Chemist: 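Okay, handing you the structure first.
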Amino acid sequence: MIVITGATGALNGATVEHLLKRIPAGQIGVSVRDTAKAQHFADRGVRVRRGSYQDPAALLDALEGADQVLLVSSNDPGADAVSLHRVGIETAVAAGARRILYTSHQHTGLGSPFIPARHHAATEALLESSGVAWTSLRNGYYAHSLDWLLGPWHEAGVIATPADGPVSWTERADEAEAAAMILADERHFDGPVTLTASAAVTFDEIAGLASEVTGRDIRRVVVDDDKWMAEQVAQGTPEPMARFQLGFFQAAREGHFAGTDPLLGDLLGHQPRTVRDLLAARTTA
């Protein structure tokens with residue numbers, strides 16, 4: 001059995017949908033905080049059980065009989081993510097899983113200005129010492145993040161953000177499909193695997209793409225870090241969240257998200273979706 005945690009979230013929920021196209025529903029289990037939100041899976045024959053990293057006993061029950069477990073990374077900026085991930089790993093081991101998969105991020109590192117990269121690096125070290133086979137899905141930076149990182153560019157005609165660097169913006173739906181393929185395939189990837197779009201672009205280039213898809217002049221303006229932070233807080237963003245977002249720009253201009261890898265396209269059998277695709281979808285919606 002394959003058990004997916006966080007299956008009512010956008011990423012792992014989509015992974016379950018793709019798995020249902022590849023293997024019988026009876027071979028899939030999900031661990032969710034609220035089973036009512038996963039009723040659509042239960043109705044199709046998926047085993048639905050309550051479980052979370054905050055409740056190891058319930059999680060152990062949710063992972064019962066799992067051959068493979070896909071652990072979703074915590075997306076709560078205020079949580080002790082590494083401790084939560086430790087619970088997930090230890091519980092998967094206790095449940096007898098022969099392989100643990102984990103939704104990580106490209107360019108992990110304990111010294112990164114991007115806080116999740118530190119959490120992922122520490123979690124991968126825990127996986128390495130777990131004693132079971134593991135696969136870390138180092139996903140490219142999720143392209144839907146542009147919806148808030150770019151600001152109100154469509155209305156204002158301006159992308160005003162701190163200095164950045166090339167980022168291999170990757171569609172979350174493509175990552176979900178690739179995860180399902182890796183889970184269902186007899187080929188196993190050991191350790192970290194990088195799943196990114198085929199190209200990395202800067203915000204300057206995104207402004208050019210936005211101009212092309214809208215037929216308007218979308219300008220790029222670089223804003224000082226401190227000024228940008230102050231503007232975000234003044235607009236109602238909590239300071240810790242604004243600082244968290246600033247860490248992305250700092251890591252990007254250090255080149256942390258510039259890497260690309262052909263594996264995602266190879267798995268999908270076609271080129272991953274691009275930033276142009278996302279901007280065009282947002283423009284026509």
Side-chain angles (χ1 to χ4, degrees), residues 10-11 14 75 77 105-107 112-117 139-176 194-262 264-265 268 270-285:
L11 177 63
N75 63 357
H105 199 283
Q106 70 179 123
H107 201 103
S112 175
F114 184 56
I115 295 173
N139 293 336
Y141 212 102
Y142 298 130
H144 70 274
S145 303
L146 288 168
D147 287 338
W148 60 86
L149 287 172
L150 289 177
W153 67 272
H154 201 276
E155 297 78 9
V158 175
I159 297 173
T161 64
D164 68 314
V167 177
S168 54
W169 299 103
T170 310
E171 181 64 44
R172 183 169 55 190
D174 287 340
E175 304 281 22
T194 300
L195 301 167
T196 71
S198 58
V201 296
T202 65
F203 275 28
D204 283 347
E205 291 170 305
I206 290 174
L209 292 170
S211 298
E212 292 175 13
V213 300
T214 62
R216 298 163 50 204
D217 180 23
I218 307 298
R219 296 184 298 114
R220 165 77 166 115
V221 175
V222 176
V223 182
D224 174 79
D225 286 2
D226 291 338
K227 180 181 178 182
W228 183 84
M229 275 282 298
E231 290 173 349
Q232 299 307 301
V233 173
Q235 293 167 11
T237 302
E239 184 174 348
M241 177 56 71
R243 194 162 298 284
F244 174 89
Q245 293 177 350
L246 181 62
F248 154 76
F249 291 102
Q250 293 170 332
R253 58 189 180 233
E254 291 179 12
H256 290 212
F257 310 128
T260 61
D261 193 289
L264 179 58
L268 298 176
H270 59 79
Q271 284 299 307
R273 277 165 277 198
T274 67
V275 171
R276 179 190 286 275
D277 295 331
L278 179 139
L279 293 174
R282 299 299 189 271
T283 300
T284 59

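It should be emphasised that the depicted structure is a prediction, and the values quoted were computed from it without experimental measurement.
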Chemist: For V221 versus R219, what's the shortest heavy-atom pair and its separation?
Modeler: CG2-NH1, 3.7 Å
Chemist: For residues 150-157, please give each side-chain donor-acceptor pair under 3.5 Å, one per line with the distance, not counting sequence neighbours.
Modeler:
none

Chemist: Which pair of non-hydrogen atoms, one from E254 and one from H256, has the smallest distance, and what is that distance?
Modeler: OE1-NE2, 3.0 Å
Chemist: Using a 3.5 Å distance criterion without hydrogens, assess whether the side chain of D225 forms a donor-acceptor pair with backbone atoms of L246.
Modeler: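 No: the side chain of D225 does not pair with the backbone of L246.
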Chemist: Check salt bridge (charged side-chain N to carboxylate O under 4.0 Å, His left out) between E212 and all other residues, then give those that pass, not counting sequence neighbours.
Modeler: R276
Chemist: Could you pull out every donor-acceptor pair under 3.5 Å between side chains of residues 227-245 and any protein atom, sequence neighbours left out?
Modeler:
| residue | atom | partner | partner atom | Å |
| --- | --- | --- | --- | --- |
| T237 | OG1 | Q232 | O | 3.4 |
| E239 | OE2 | R243 | NH2 | 3.4 |

Chemist: List for me each residue that meets side-chain hydrogen bond (donor to acceptor under 3.5 Å, both in side chains) alongside Q106, sequence neighbours excluded, and say none if there are none.
Modeler: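 S168.
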Chemist: Taking the six-membered ring for Trp, is the centroid-to-centroid distance between H105 and F114 below 6.0 Å?
Modeler: yes
Chemist: Which heavy atom of L264 sits nearest a heavy atom of D174, and at what distance?
Modeler: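 Residues L264 and D174, closest heavy atoms: CD1-O, 3.7 Å.
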Chemist: Over all heavy atoms of both residues, which pair between T214 and T283 is shortest? Give the atoms and the distance, please.
Modeler: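 Heavy atoms only, the tightest pair is CG2-OG1, 3.8 Å.
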Chemist: Answer whether the closest heavy-atom distance between the side chains of E205 and P166 falls below 4.5 Å.
Modeler: no
Chemist: May I ask you to test the R273-L278 pair for a side-chain heavy-atom distance under 4.5 Å?
Modeler: no
Chemist: Show the nearest heavy-atom pair for residues A252 and V167, with the distance to one decimal.
Modeler: CB-CG2, 4.0 Å
Chemist: May I have the step-by-step check of side-chain contact (heavy atoms from CB on, under 4.5 Å) for L11 and N139, ending in yes or no?
Modeler: CA-CA 11 Å; L11 177 63; N139 293 336; 4.3 Å; yes
Chemist: For the residue pair H144 and W148, does the interplanar ring angle fall in the parallel (under 30°), tilted (30 to 60°) or perpendicular (over 60°) class?
Modeler: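 Rings of H144 and W148: perpendicular, as their planes differ by over 60°.
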Chemist: In Å, rounded to the nearest 0.5 Å, how long is the span from OG1 of T170 to OH of Y142?
Modeler: 9.0 Å
Chemist: Step through the shown structure and confirm whether more than 12 heavy atoms of other residues, nucleotides or ligands are within 6.0 Å of CZ on R253.
Modeler: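 For R253, atom CZ is crowded (more than 12 foreign heavy atoms under 6.0 Å).
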Chemist: Any pair with a residue in residues 161-173 that passes salt bridge (charged side-chain N to carboxylate O under 4.0 Å, His left out), sequence neighbours left out, goes on the list, sorted by first then second residue, please.
Modeler: D164-R220
Chemist: Look at the side chain of T260 and the backbone N and O of A197, then say whether any donor-acceptor pair between them is shorter than 3.5 Å.
Modeler: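 Looks like no, no N/O pair under 3.5 Å.
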Chemist: Can you name the side-chain hydrogen bond (donor to acceptor under 3.5 Å, both in side chains) partners of T196, sequence neighbours left out?
Modeler: none
Chemist: Take L146 and L279 through the test side-chain contact (heavy atoms from CB on, under 4.5 Å) and record every step on the way to the result.
Modeler: CA-CA 9 Å; L146 288 168; L279 293 174; 5.7 Å; no
Chemist: State, with a plain yes or no, whether a side-chain heavy atom of L149 is found less than 4.5 Å away from one of F249.
Modeler: yes
